[in-house]
*Asks:* 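Have a look at this one.
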Amino acid sequence: MDTIGHMGPDIHREVSIPYSGAIIVAAGSGARLGADVPKALVEAAGRSLVSWCLAAFDASPRVASIVIVAPSGHLPAFRALAAAAATPVAVVPGGATRADSVACGLEALAPALHHVLVHDAARPLVTPAMVAAVLDGIGDAAGAILAAPLADTLKRVAPGGLIADSPSREGLWGAQTPQAFVADALRDAVATARAHGRLGAATDCSSLMEAVGRTVRVVDPGAPNLKVTTTTDLALVEALLSVRGRGPVG
Ligand code: C5P
């Protein structure tokens, strides 16, 4: 728990306060899923992907406010979900790429928050325990991300489908979300990437931080944290959510 010193009229004590903001990026179309609604609104085990994510952040005591970045044509559906949360939730329209949508979320986030979490709505298995673990992972670095070491043997494949070579997987991890950062550091990294015309190419926020020399640590999620891209992913996630039972688990 982040703390601040609080000087009262006659006492000096430490008070614990929620000090992080969360951005859930949900403005993608999810064309690869073939659904007639944006991917974030596709249901798994009785609720939409974004609703599972929102429940996990809403249940995280260190999250003071949440921004959902939604497709501009679907804001009312997202606002209806937001109204049911205990944590204050803003819903704002997204941009052309994921990184543009993160920038939209940062603009809507309260400026006083020390840490910002960025999460893909496509990862509905996120739990409050994962949120706490990634925040704890920041330590003396500028950020931390959930990530797992790669298990498969890697192949670089030429356009015709033939294997060019097999890069070593040693030291390679697959990046996940949530990703947590010192908020001002992420704001600076986004501004720098935008100024150099490379914001849109970033597929995660950590790479923006790495590009400006900021330190970011990896944290093992400790439980499945799949990203929904295909209908097979959706079936897997649905099975895992059903086994888990109702609501996010810590
Ligand atoms: O497309 P992909 O699954 O990699 O997107 C990762 C996340 O970024 C998804 O949750 C998606 O909704 C979000 N996104 C966004 N704005 C975009 C593109 C993707 O918020 N323009």
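Remember, it's 1-based here, ligands and their atoms both numbered in the order they're listed.
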*Asks:* Indicate yes or no: does Lys39 engage Asp120 in a salt bridge with an N to O separation below 4.0 Å.
*Replies:*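 Judged by the 4.0 Å cut-off on N to carboxylate O distance, Lys39 and Asp120 do not form a salt bridge.
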
*Asks:* Measure the spacing between CG of Leu125 and CG of Leu49 and express it to the nearest 0.5 Å.
*Replies:*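 CG of Leu49 is found 9.5 Å from CG of Leu125.
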
*Asks:* Taking the non-hydrogen atoms of Gly94, is any one of them nearer than 4.0 angstrom to ligand 1?
*Replies:*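 In this structure, Gly94 fails to qualify as a contact of ligand 1 - no heavy atom is under 4.0 Å.
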
*Asks:* Among the clusters formed by ILVMFWY side chains lying less than 4.5 Å apart, do Leu208 and Val212 turn up in the same one?
*Replies:*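 No, it is not one cluster - the side chains of Leu208 and Val212 are not joined through contacts under 4.5 Å.
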
*Asks:* With a 4.5 Å limit on heavy-atom distance, are the side chains of Val182 and Met209 in contact?
*Replies:*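 The answer is no, as the side chains (C-beta and beyond) never meet within the 4.5 Å cut-off.
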
*Asks:* Please write down residue, atom name and distance for the protein heavy atom closest to atom 16 (N) of ligand 1.
*Replies:*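 For atom 16 (N) of ligand 1, the nearest protein heavy atom comes out as Ser101 OG, 2.7 Å.
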
*Asks:* Are more than 12 heavy atoms, taken from residues, nucleotides or ligands other than Arg194, located less than 6.0 Å from that residue's CZ atom?
*Replies:*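 No, the 6.0 Å shell around CZ holds no more than 12 heavy atoms from other groups.
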
*Asks:* So which heavy atom in the protein is nearest atom 7 (C) of ligand 1, and how far is it from that ligand atom?
*Replies:*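 For atom 7 (C) of ligand 1, the nearest protein heavy atom is Asp120 OD1, 3.4 Å.
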
*Asks:* Report yes or no: does Thr97 have a heavy atom closer than 4.0 Å to ligand 1?
*Replies:*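 Per 4.0 Å heavy-atom rule, Thr97 contacts ligand 1.
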
*Asks:* In the protein, which heavy atom is nearest to atom 3 (O) of ligand 1, and how far is it?
*Replies:*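 The answer is Lys39 NZ, 3.0 Å.
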
*Asks:* Could you state the interatomic distance from CG (Asp204) to CD (Glu210), rounded to the nearest 0.5 Å?
*Replies:*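 It comes to 6.5 Å.
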
*Asks:* Counting from 1, what ligand 1 atoms have a heavy atom of Ala122 closer than 4.0 Å?
*Replies:*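 Counting from 1, the qualifying ligand atoms are 10 (O).
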
*Asks:* Considering non-hydrogen atoms of the protein only, which is the closest contact for atom 13 (C) of ligand 1, and what is the distance?
*Replies:*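 Here the closest protein heavy atom is Val25 O, 3.7 Å.
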
*Asks:* Please could you name the atoms of ligand 1 that Ala26 approaches to less than 4.0 Å, counting only its heavy atoms?
*Replies:*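 The atoms of ligand 1 under 4.0 Å from a heavy atom of Ala26 are 12 (O), 20 (O).
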
*Asks:* Do Trp173 and Val216 share a hydrophobic cluster, counting only Ile, Leu, Val, Met, Phe, Trp and Tyr and linking them when any side-chain heavy atoms are less than 4.5 Å apart?
*Replies:*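 Shared cluster, yes.
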
*Asks:* Can you list the atoms of ligand 1 that are under 4.0 Å from a heavy atom of Ala121?
*Replies:*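 Checking each atom against Ala121, I get 10 (O).
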
*Asks:* Would you mind finding which of Gly28, Pro71, Ala31, Gly95 brings a heavy atom closest to atom 21 (N) of ligand 1?
*Replies:*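 Closest candidate by heavy-atom distance is Gly95.
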
*Asks:* Counting only heavy atoms, which portion of Arg32 has something under 4.0 Å from ligand 1: side chain, backbone, both, or neither?
*Replies:*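 For Arg32, the contact with ligand 1 is made by the side chain alone.
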
*Asks:* Please say whether Val69 places an N or O atom under 3.5 Å from an N or O atom belonging to ligand 1.
*Replies:*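 Among all N and O atoms of Val69, none is under 3.5 Å from an N or O of ligand 1.
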
*Asks:* Taking the non-hydrogen atoms of Arg123, is any one of them nearer than 4.0 angstrom to ligand 1?
*Replies:*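 Not so, Arg123 does not reach ligand 1.
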
*Asks:* Any non-hydrogen atom of Ala40 lying under 4.0 Å from ligand 1?
*Replies:*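 No, Ala40 has no heavy atoms under 4.0 Å from ligand 1.
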
*Asks:* Show me which atoms of ligand 1 lie under 4.0 Å from any heavy atom of Ala96.
*Replies:*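 It comes down to these atoms of ligand 1: 21 (N).
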
*Asks:* Could you tell me whether the side chain of Thr177 reaches within less than 4.5 Å of the side chain of Val118, counting heavy atoms only?
*Replies:*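 Side chain of Val118 against side chain of Thr177, heavy atoms only: no contact under 4.5 Å found.
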
*Asks:* State plainly whether the residues Asp140 and Arg217 are in salt-bridge range, i.e. N to O under 4.0 Å.
*Replies:*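 Answer for the salt bridge query: yes.
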
*Asks:* If you measure from CZ on Phe181 to CG on Asp188, what distance do you get to the nearest 0.5 Å?
*Replies:*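 Spacing of CZ (Phe181) from CG (Asp188) equals 13.0 Å.
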
*Asks:* Students should be able to answer this: which protein heavy-atom is nearest to atom 20 (O) of ligand 1, and at what distance?
*Replies:*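 Heavy-atom neighbour on the protein nearest atom 20 (O) of ligand 1: Ala27 N, 2.9 Å.
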
*Asks:* At what distance is the nearest protein heavy atom to atom 8 (O) of ligand 1, and which residue and atom is it?
*Replies:*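 Here the nearest protein heavy atom works out to Arg98 CG, 3.5 Å.
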
*Asks:* Do Thr192 and Arg198 have side chains that approach each other closer than 4.5 Å (heavy atoms only, starting at C-beta)?
*Replies:*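 Yes, at least one pair of side-chain atoms sits under 4.5 Å.
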
*Asks:* Below 4.0 angstrom from a heavy atom of Lys227, which ligand 1 atoms are there? Numbered from 1 as shown, please.
*Replies:*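 Counting atoms of ligand 1 from 1, those under 4.0 Å from Lys227 are 2 (P), 3 (O), 4 (O).
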
